[in-house]
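Below is one structure, written out as structure tokens; the observations come after it.
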Amino acid sequence: MRGALIQMEIANDSLRTAVQGFNRFCDTEALTFYKTRFFISLAALEGNLISRLQAKRAAVRFEQFSEVELDFTGVESLGQALDDELV
């Protein structure tokens, strides 16, 4: 069986709804995801972020989205080759 697992947390006192959260990343009419967020720190789990190959592995599915948000939280440095490949 193919599918996706989506996990979401909302504070008990939040005024946001699950639908509002999904709508940030979905085309509500076509029911498809158009936006994704990738945490660059996840790519850092395999070592220093320096190579084009690391960037290619991180970006393997970016072309499936019309908007990709890269989150660099916790990343202290990047190699120029990786940066060039992501841009």
Side-chain angles (χ1 to χ4, degrees):
M1 183 169 114
R2 287 188 67 172
L5 170 67
I6 299 172
Q7 183 175 350
M8 187 163 109
E9 292 182 24
I10 298 177
N12 290 335
D13 59 350
S14 175
L15 299 177
R16 289 184 290 171
T17 66
V19 171
Q20 289 171 322
F22 283 116
N23 286 347
R24 289 182 50 213
F25 296 91
C26 293
D27 177 344
T28 55
E29 292 186 23
L31 297 177
T32 58
F33 287 102
Y34 73 90
K35 177 180 177 180
T36 189
R37 176 185 290 165
F38 182 80
F39 295 90
I40 297 297
S41 59
L42 293 175
L45 294 175
E46 65 181 35
N48 294 331
L49 297 170
I50 57 172
S51 74
R52 289 185 185 277
L53 181 59
Q54 286 173 307
K56 286 179 182 182
R57 280 197 298 256
V60 72
R61 291 195 161 153
F62 287 0
E63 70 276 353
Q64 295 177 356
F65 300 92
S66 59
E67 188 176 330
V68 176
E69 180 181 324
L70 300 176
D71 187 326
F72 290 88
T73 303
V75 175
E76 294 182 16
S77 65
L78 291 182
Q80 184 176 351
L82 184 132
D83 180 53
D84 287 345
E85 189 67 32
L86 287 177
V87 176

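- Heavy-atom minimum distance, L15 versus Q20: O-OE1, 3.8 Å.
- T73 meets the side chain to side chain donor-acceptor pair (under 3.5 Å) test with D71; sequence neighbours excluded.
- Atom CD of E85 and atom CD of Q80 lie 12.5 Å apart (nearest 0.5 Å).
- Residues forming a side chain to side chain donor-acceptor pair (under 3.5 Å) with E69 (at least two apart in sequence, or on another chain): R37.
- Evaluation of the ring pair (Phe, Tyr, Trp, His ring centres under 6.0 Å) test over residues 51-71, restricted to residues two or more places apart or in two chains, returns F38-F62.
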